[in-house]
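Right, one structure below, let's go through it.
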Amino acid sequence: QVQLVESGGGLVQDGGSLRLSCAASGRTFNRYTLGWFRQAPGMEYELVGAITWVGNTWIGNTYYSDSVKGRFTISRDNAKNTVYLQMNSLKPEDTAVYYCAGGALSIYSSDKGRYDYWGQGTQVTVSS
């Protein structure tokens, strides 16, 4: 079993920044993908970013959706077993509940059903 705990959401003005954290604990996998999804009211889940690693090596299959590319960055702190989503130049359309999700995937997938473990979600609200 894997536990994912998110933090870092909040209210920010248009153009502002936030950093979300996803702390993982529990079972480890040799090959693992962690994705950041978001869901805006009335909308489907959207994969905004994902990373994959083998063991402790980030193998570089980093994905960003077109809607966030150049503004969002994923990073990882191995010592803390935490993955971050740095969000810059936030826009009102980024307003959503953000989730981190993990699964024993060799590469990212936008299909939320392929991720076995989910955080509780954190609200991000960008005011205009």
Side-chain angles (χ1 to χ4, degrees):
Q1 193 74 3
V2 174
Q3 292 80 40
L4 301 175
V5 179
E6 301 150 17
S7 60
L11 173 65
V12 65
Q13 290 188 331
D14 190 355
S17 298
L18 284 173
R19 188 179 77 161
L20 306 183
S21 301
C22 177
S25 62
R27 181 183 176 185
T28 59
F29 299 89
N30 185 53
R31 187 180 293 266
Y32 195 77
T33 292
L34 189 136
W36 284 98
F37 285 82
R38 68 185 180 187
Q39 186 181 32
M43 303 293 286
E44 297 290 326
Y45 282 83
E46 176 190 12
L47 179 70
V48 297
I51 59 170
T52 299
W53 59 85
V54 177
N56 279 324
T57 303
W58 182 341
I59 65 173
N61 288 338
T62 309
Y63 164 83
Y64 298 100
S65 68
D66 288 343
S67 60
V68 307
K69 197 173 296 181
R71 301 187 296 122
F72 290 12
T73 304
I74 295 175
S75 62
R76 181 187 175 194
D77 185 330
N78 285 346
K80 297 182 178 179
N81 215 20
T82 298
V83 175
Y84 303 98
L85 181 67
Q86 178 67 44
M87 306 185 296
N88 298 328
S89 302
L90 283 162
K91 306 174 182 180
E93 52 262 43
D94 294 317
T95 295
V97 179
Y98 284 71
Y99 300 88
C100 61
L105 305 175
S106 298
I107 192 169
Y108 68 86
S109 172
S110 59
D111 180 357
K112 63 183 285 293
R114 297 202 61 197
Y115 295 80
D116 298 313
Y117 306 103
W118 288 77
Q120 79 281 8
T122 186
Q123 177 70 46
V124 171
T125 303
V126 184
S127 63
S128 57

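- The same ILVMFWY cluster, assembled from side-chain heavy atoms under 4.5 Å apart, contains both I107 and L105.
- Distance alone, capped at 3.5 Å, is enough to place a donor-acceptor pair between the Y115 side chain and the S109 backbone.
- The pair K69-D66 counts as a salt bridge, with a side-chain nitrogen and a carboxylate oxygen less than 4.0 angstrom apart.
- When side chains are defined from C-beta on, V83 does not count as touching L85, because their heavy atoms never get closer than 4.5 Å.
- Judged by the 6.0 Å distance and 45° axis criteria, R19 is positioned over the aromatic ring of Y84.
- Q39 places no side-chain N or O within donor-acceptor distance of the main-chain N or O of Y98, the cut-off being under 3.5 Å.
- Looking at every heavy atom in both residues, I74 comes nearest to G49 through CD1-C, 3.4 Å.
- Across all non-hydrogen atoms, the minimal contact from Q86 to S17 is NE2-CB, 4.0 Å.
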Worksheet item: Given E46 and S67, is the side chain to side chain donor-acceptor pair (under 3.5 Å) satisfied, shown in steps?
Response: CA-CA 10 Å; E46 176 190 12; S67 60; 2.9 Å; yes
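- Remark: the backbone N or O of S89 is paired with a side-chain donor or acceptor of R71 at under 3.5 angstrom.
- At distances below 3.5 Å, not a single donor-acceptor pair connects side-chain atoms of T62 with backbone N or O atoms of I51.
- D14 and L90 get closest at one heavy-atom pair: OD1-O, 3.0 Å.
- A50 approaches Y108 most closely through the heavy-atom pair CB-CB, 3.5 Å.
- Annotation: side chain of L20 is in contact with side chain of M87 (closest heavy-atom distance under 4.5 Å).
- For F37 and Y99, the distance between ring centers is not under 6.0 angstrom.
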Please assess R38 against V68 for the test side chain to side chain contact (heavy atoms under 4.5 Å, CB included), listing each intermediate value before the final yes or no. CA-CA 11 Å; R38 68 185 180 187; V68 307; 3.9 Å; yes
Check: After noting the C-alpha distance and the side-chain angles of W36 and F72, does the key distance pass the ring-ring contact (aromatic ring centres under 6.0 Å, His included) rule?
Finding: CA-CA 11 Å; W36 284 98; F72 290 12; 9.7 Å; no
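- The two residues P92 and S128 come nearest to each other via the heavy atoms CG-CB, 3.8 Å.
- Between the side chain of E6 and the main chain of C22, no donor-acceptor pair closer than 3.5 Å is present.
- S25 places none of its side-chain heavy atoms less than 4.5 Å from the side chain of N81.
- Shortest non-hydrogen contact noted between Y117 and L4 is O-CD1, 3.4 Å.
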| request: Just do the salt bridge (charged side-chain N to carboxylate O under 4.0 Å, His left out) check on K91 and D94 with the steps written out, would you? | output: CA-CA 5 Å; K91 306 174 182 180; D94 294 317; over 6 Å; no
- Task: Go through the steps to decide whether Q123 and T125 satisfy the test side chain to side chain donor-acceptor pair (under 3.5 Å), and finish with yes or no.
- Result: CA-CA 6 Å; Q123 177 70 46; T125 303; 3.3 Å; yes
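- The side-chain tip of K112 points at the ring of Y45 from less than 6.0 angstrom away and within 45° of straight on.
- Using a 4.5 Å cut-off on side-chain heavy atoms (C-beta onward), S65 and L47 make no contact.
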